[in-house]
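Below: one structure, written as structure tokens.
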Amino acid sequence: MSPEASSAPRSLAEALRARDDASLAALLRDRPDLVAPVPTDLTQLATRAGTRASVLRALEHLDRFALQTAQALAVAPDPATYDTLHGLLAGDDGDPAVTEALPDTVAALRRQALIWGDDDRLHLVRTARELLAPSAQHPSPTGLGPTVREATSGMSPGRVQQIVTTAGLPSTHDPVSAVTALTALFTDRKRMDALLAEAPEAARQVLTRLVWGPPYGQVTADPAAHLRWLLDRGLLLPTAPGTVVLPREVALHLRGGRAHRVPEPVPPAVEPSVAHDPRTVDATAAGQAYTALATVEELLKHWDQGGPAVLRAGGLSVRDLKRTAVALDAPEPLAAFWIELAYAAGLLASDGAADERYAPTPAYDTWLERPVAERWGRLAAAWLAATRTAGLIGGRDIKDRALSALGPGLDRSAAPEVRHRVLTLLADLPAGVAPAPEAVLTRLTWERPLRTPQRDGTEDLRVRLARWTLSEAELLGVTGRGALAGHGRALLGAGPEPLSATGQPTATAVGLLAPLLPEPLDHVLLQADLTAVAPGPLLRPLAETLGVLADVESKGGATVYRFTPASVRRALDAGQTAADLHAFLAQHSRTPVPQPLAYLIDDVARRHGHLRVGVASAYVRCDDDSVLNEIIADKRAAALRLRRLAPTVLAAPCDPATLLEGLRSLGYAPAAESAQGDVLITRADAHRTPPRTAPEPVPEGPPAPDSVLLTAAVRAIRAGDLAATTPLKAPGPQPAGGELPRTSPADTLATLQAAVMTGEAVWIGYVNADGAASQRVVAPIRVEGGFVTAYDHTADEVRTYPLHRITGVAELAED
């Protein structure tokens, strides 16, 4: 055996042992599931790296060409040379793009421990081979079938000999050599060309239909002559009664050596679609950002007195979602997005009461006091990091249960990474340039190819997440006209991991957005038709007061408010007087207060509070008994079941709120009063939940280890491997198969005391208080009082061990 062959690693553990610390740290960084918990040595690391769950997770993070490379290795001999792998991907004619990309791809797969070995002996990890190799139950994306050896494994030796002789080969003494000879024929380009030249045209058409897969076909008990010709020469081999398969070697010959019909070594470019002026993009995005803030604020204001009830299973009912959509004048999917966004930002939660309802959180009041751009920054940061996915609302989960807004089952751990990747692709284009959405989706599909089709025929989750990201980014004002805005580029610096709304990338984005937002106005334009026009966003105190005094009639660049008797009465109920309302309108209107509006306010104020409603269950009192006579005589009031208690007092069996609403529906303007007879001021006191934190994003697998953890993990693995592999000094006892060293208490004590004097390291077996056994390499410092204090190379620290828990000790070899 050559020195090169003898030095080649014989297992993945040996290959990992030959790596340096930086390479091991890169492996743990790429596959964080391997470091939780930290493996005790490199053998355990290799075992964990080959488990099905870990390999599946690693394969799902490969790009299309890396996955094609792994699939090609799965149909190649094990081990395979680099040249063999190159031939499977580039074909007989070669492909310059494959030739250029393959070295880096092989290095990446080797770095992730999916393949190991030198270029002359490349091994695909066994679990990956089992997952990617073609079989009848799990067809390979390569479209290849089993090898000749696999397809003939259940065939009788006599039938194998018949195929060999019919194919023009000499007969052999055993089926193994016959299969070897047939395989050599099918892999010999010249001899195969000569054999196929003799095939009937119909036979060649059959091979053409099977060559790119699926490789299986059906035949009758008495096949046609052209099929019989193929079966007799082993170009088609039976796998079950009535089923034949095209052997892998034959298919590769017909394909010109390619394992894939179309190798994709180069990622598809995200081509520009439309170019806009960057200033137009920023202005459009800023306008949409302001609209997003107004919509979220309107939503939470709508739920200010306590929102919809929480379903027993959690979430919002379909009916409540429809009502909210009507209130926001938006489609239901869009309303669901705003609801989930407010929830992700910590502005909305359930109140936790017995009759549990949704309501704004105390953080909402703090959020309202912040500058406009900072409020947007909190929403954008929450959206970028959220794992809850509003696009799933209305669908079904794996148990066929409906997915509701604010309900369980909406978390998708891949969402933050997909959002960040989509925006990164937009950021790679010049400022103001928007790509075609399909180009973005094609690129994402290449970066994370779908390994198995969806059972229900829907798109892959990552593709749907990307579609939702493009539309949500536009709604939120991160993009404008399909292109990434300047403040959106700044937001990208946060990365896909959860971020704080006060982080530096968000602060930078807020600083870029602030100058683009419109300045709030301190005035409106009153019209003679009892409307007021706000030509832009209003200052918060003005907007809040006007929102009580008038109803919003239309939105857009200018908001139109309409004054009605009900809206004026609402302002009076909130504690305002007619004089206050006149002064407010005169102060904030750029036009004179129209006479019809002044008359409306005075008329409603004149009648406001003329009637008093209290508890009787409810009563009505009025100094003018003629008004009460009018109410009693009104047939519409029969449902209130009023009765006279005194000339100026009527009583009703309903509660005061119902009586108030009933009288107002009859055209009266009653006011509520307290038990002391004072008029109750029904201010819009907001209903708030107890303090709530925003929902935590659900991570996709174990979190990525930081540099400190990686350094400590590599050190611990190295030390544990040293303890497990260091040879013992002869003629000391040599534990076999990883067993703990065993020595008598006297020998253990003597060896440890000698090591203290010489300063040498020794190998000990140790059983802790929980009964867990381990092997450790330690350098004893002192032995006293039944304990040994030593520097533990495995843990990289000084530790103290009870002597009675040390099973044995052995000296290490000199080398």
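Remember, it's a predicted structure, so these values are computed and weren't measured experimentally. Atoms considered below: every heavy atom in the structure, side chains included; atoms not considered: hydrogens, waters and symmetry mates. Numbers for residues simply follow the sequence, beginning at 1.
- The minimum heavy-atom distance between Ala671 and Leu660, with the atom names listed, is C-CD2, 4.1 Å.
- Residues passing the side chain to side chain donor-acceptor pair (under 3.5 Å) test with Glu369: none are found, sequence neighbours excluded.
- Using a 4.5 Å heavy-atom threshold, the side chains of Leu341 and Leu476 count as touching.
- With rounding to the nearest 0.5 angstrom, the CG atom of Leu549 is 13.0 Å from the CZ atom of Arg569.
- Between Thr531 atom OG1 and Leu526 atom CG the span is 8.0 Å, to the nearest 0.5 Å.
- Between Trp303 and His687, the ring center distance fails the sub-6.0 Å criterion.
- For residues 630-640, the side chain to side chain donor-acceptor pair (under 3.5 Å) pairs, not counting sequence neighbours, are Glu630-Tyr668, Asp634-Arg636.
- Annotation: side chain to side chain donor-acceptor pair (under 3.5 Å) contacts of Thr564 (sequence neighbours excluded): Ser567.
- Closest non-hydrogen pair, Pro435 versus Val440, comes out as CG-CG2, 3.7 Å.
- At least one side-chain heavy atom of Trp383 sits less than 4.5 Å from a side-chain heavy atom of Glu472.
- Looking at Ser589, its side chain does come within 3.5 Å of a backbone N or O of Thr591 through a donor-acceptor pair.
- Atom-to-atom distance recorded for Leu513:CG and Thr508:OG1 is 12.5 Å, nearest 0.5 angstrom.
- The structure places CG of Leu516 at 7.0 Å from NE2 of His487, a figure rounded to the nearest 0.5 Å.
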- Working for side-chain contact (heavy atoms from CB on, under 4.5 Å), residues Val560 and Val552: CA-CA 6 Å; Val560 178; Val552 176; over 6 Å; no
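- The salt bridge (Lys or Arg N to Asp or Glu O under 4.0 Å) test applied to Asp400 returns Arg396, not counting sequence neighbours.
- The shortest side-chain heavy-atom distance between Leu368 and Leu300 does not fall under the 4.5 Å cut-off.
- Within the 4.5 Å cutoff, no side-chain heavy atoms of Val524 are placed close to those of Thr559.
- Evaluation of the salt bridge (Lys or Arg N to Asp or Glu O under 4.0 Å) rule for Arg644 yields no partner, not counting sequence neighbours.
- In this structure, Tyr358 contributes its side chain and Gly315 its backbone to a donor-acceptor pair below 3.5 Å.
- Residues that satisfy the side chain to side chain donor-acceptor pair (under 3.5 Å) test with Thr387, not counting sequence neighbours, are Asp411.
- With sequence neighbours excluded, the residues forming a salt bridge (Lys or Arg N to Asp or Glu O under 4.0 Å) with Glu298 are Lys555, listed by chain and number.
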- salt bridge (charged side-chain N to carboxylate O under 4.0 Å, His left out) assessment of Arg606 paired with Asp603: CA-CA 5 Å; Arg606 187 180 305 111; Asp603 185 53; 3.3 Å; yes
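- With Arg562 contributing its side chain and Asp529 its backbone, the two residues share a donor-acceptor pair below 3.5 Å.
- Put simply, the side chain of His420 gets close to the backbone of Leu492: a donor and an acceptor are under 3.5 Å apart.
- Under the 4.5 Å side-chain criterion, counting only non-hydrogen atoms from C-beta, Val620 is in contact with Leu663.
- Residues Pro647 and Asp625 share a closest heavy-atom pair of O-CB, 3.2 Å.
- The side-chain contact (heavy atoms from CB on, under 4.5 Å) with Thr361 is formed by just one residue from the set Asp351, Leu348, Thr689; it is Thr689.
- Distance alone, capped at 3.5 Å, is enough to place a donor-acceptor pair between the Thr295 side chain and the Thr291 backbone.
- Counting only heavy atoms from C-beta outward, the side chains of Leu379 and Leu347 approach each other to under 4.5 Å.
- Applying the side chain to side chain donor-acceptor pair (under 3.5 Å) rule to pairs touching residues 336-350 yields Glu340-Arg388, Ser350-Glu356, sequence neighbours excluded.
- Under the side chain to side chain contact (heavy atoms under 4.5 Å, CB included) criterion, Ala344 pairs with Ala382, Ala386, not counting sequence neighbours.
- With values rounded to the nearest 0.5 angstrom, Thr479 atom OG1 is found 3.5 Å from Glu474 atom CD.
- Using a 4.0 Å cut-off between charged side-chain N and carboxylate O, Asp277 and Arg481 make no salt bridge.
- Taking every heavy atom of both residues into account, Gly486 and Leu512 meet most closely at O-CD1, 3.6 Å.
- Checked against salt bridge (Lys or Arg N to Asp or Glu O under 4.0 Å), Arg323 has the following partners two or more places apart in sequence or in another chain: Asp320.
- The shortest heavy-atom contact between Ile393 and Ala336 is CD1-CB, 3.6 Å.
- Judged as a side chain to side chain contact (heavy atoms under 4.5 Å, CB included), and not counting sequence neighbours, Thr366 has no contacts.
- When the shell of 6.0 Å around CG of Asp397 is examined, it contains more than 12 heavy atoms from other residues, nucleotides or ligands.
- Inter-residue side-chain proximity for Leu659 and Leu642 is flagged as met; some heavy-atom pair is nearer than 4.5 Å.
- Distance alone, capped at 3.5 Å, is enough to place a donor-acceptor pair between the Thr469 side chain and the Leu465 backbone.
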- Message: What verdict does the side-chain contact (heavy atoms from CB on, under 4.5 Å) test give for Val604 and Tyr599, after you've listed the backbone C-alpha separation in whole Å, the side-chain angles of each residue and the deciding distance to 0.1 Å?
- Response: CA-CA 9 Å; Val604 174; Tyr599 285 167; over 6 Å; no
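- Taken to the nearest 0.5 Å, the CG atom of Asn629 stands 8.5 Å off from the CG atom of Leu650.
- Between the side chain of Arg607 and the main chain of Gly667, a donor-acceptor pair closer than 3.5 Å is present.
- Arg319 places no side-chain N or O within 3.5 Å of a backbone atom of Leu316 that could act as its donor or acceptor partner.
- Taking every heavy atom of both residues into account, Pro537 and Pro518 meet most closely at CG-CG, 3.8 Å.
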- Item | Check against salt bridge (charged side-chain N to carboxylate O under 4.0 Å, His left out), Asp282 and Arg489 | CA-CA 11 Å; Asp282 291 348; Arg489 292 177 185 272; over 6 Å; no
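- Sorted by first and then second residue, the side chain to side chain donor-acceptor pair (under 3.5 Å) pairs with a member in residues 578-588 read Thr577-Asp580, His582-Asp602; sequence neighbours excluded.
- No salt bridge links Lys301 with Asp304; every basic N to acidic carboxylate O contact stays at or beyond 4.0 Å.
- Taking the side chain as every heavy atom from C-beta outward, Pro520 and Leu538 never approach each other to under 4.5 Å.
- Remark: side-chain polar atoms of Gln576 are not paired, donor with acceptor, to backbone N or O of Ala571 under 3.5 angstrom.
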- Task: Report the C-alpha separation of Val296 and Trp367 in whole Å, then their side-chain angles, then the decisive distance to 0.1 Å, and conclude whether the side-chain contact (heavy atoms from CB on, under 4.5 Å) test is met.
- Result: CA-CA 11 Å; Val296 172; Trp367 179 74; 4.1 Å; yes
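- Looking only at distances, a side-chain donor or acceptor of Thr284 sits under 3.5 Å from a matching main-chain atom of Thr280.
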